[in-house]
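Notes follow the structure.
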Amino acid sequence: KAVLDYEGNVDFVADAGTLGDATIAVANGRANTTLTSPFGATVNVNAKAGNFTSGNVQITFALDADQRMVLRAADYNVDPTGSTTVYLTMMDADGRPVTGSSDDLAFENTGSGTLSTITQVPEANGVYAVTYTANQITEADMVSVVNHQTGLEASVAVNVAQPQMEVMVL
C-alpha cells in the first residue's frame, strides 16, 4: 500500500498477510501501516520511498492453537475405476471459516490413486477440494494435507474396493 509524503510515495511491501492503508504522521515524519494475517507466519515487510528501501522488518504471527482443519471425503469407499471429492475445511477456534491461499496447501496420498489440482469451493469460505481418482488397484489409501503456513495437518482414509454384489441362487 502506498501513501504520499511531502517528497513522493512511500510504498509498503509484505511477502504475506494483508497490508492496510498507509498513513504519514506529519509531526514525526513516520509512515505507518497495519498488517494482518489469519495464519501463523513470519512476514517480511519493507518500506520504499523513491530510491530508498528500508531494512527488512520481520513480524511473526503466532498460530492460534485452536485453529483446525477438517478433511472429509464425499465417498469413503470408491470402486477401482471411480473417484471422490476430498474437502478441506479450515476453521478458527470458534468454528468460523478461515480463508487463505491454496498455495500454502499440499495434498498427497499414500496409494496409487491420483489427486487433481486444489480448488477453492465457490461460495464456501475456507473450503478447498481435490478429486481423488482410483487407479484400478484395490487398496486402502490415505489422503493427507499440510498447510505450510500454519503447520497443521489432516488426513482421511479412502478405501478402493470392488463393489459388493449379491448373488441369489434359485
Within one Ile-Leu-Val-Met-Phe-Trp-Tyr cluster: I118 and V121, side-chain cutoff 4.5 Å: no

N44 side chain vs D15 backbone, donor-acceptor pair below 3.5 Å: no

Cluster link V143 to V146, ILVMFWY, side chain under 4.5 Å: no

Residue list, side chain to side chain donor-acceptor pair (under 3.5 Å) with N109, at least two apart or on another chain: D141

Any residue meeting side-chain contact (heavy atoms from CB on, under 4.5 Å) with V70, in chain and number order, not counting sequence neighbours: M91

With S112 via side-chain contact (heavy atoms from CB on, under 4.5 Å) - residues at least two apart: N135, I137, E139

Rounded distance [0.5 Å steps], OG1 in T131 versus CG in L115: 9.0 Å

same_hphob_cluster(V57, F12) at 4.5 Å side-chain heavy-atom cutoff: yes

Counterpart residues, side-chain contact (heavy atoms from CB on, under 4.5 Å), relative to A106 (two or more places apart): H148

Heavy-atom closest pair, residues A14 and V43: CB-CG1, 4.0 Å

Nearest atoms (heavy-atom pairs only) where M90 meets Y128: CE-CE1, 3.5 Å

Verify same cluster id: Y132, Y76 (apolar side-chain graph, 4.5 Å): yes

Below 3.5 Å, can you tabulate the donor-acceptor pairs from side chains in residues 152-159 to any protein atom, sequence neighbours excluded?
unit_1, atom_1, unit_2, atom_2, d
N159, ND2, N77, OD1, 3.4

May I have the list of side-chain donor-acceptor pairs in residues 81-89 shorter than 3.5 Å, sequence neighbours left out?
unit_1, atom_1, unit_2, atom_2, d
T81, OG1, D79, OD1, 2.8
T84, OG1, D75, N, 2.8
T84, OG1, D75, O, 3.2

Heavy-atom closest pair, residues A134 and V160: CB-CG1, 3.8 Å

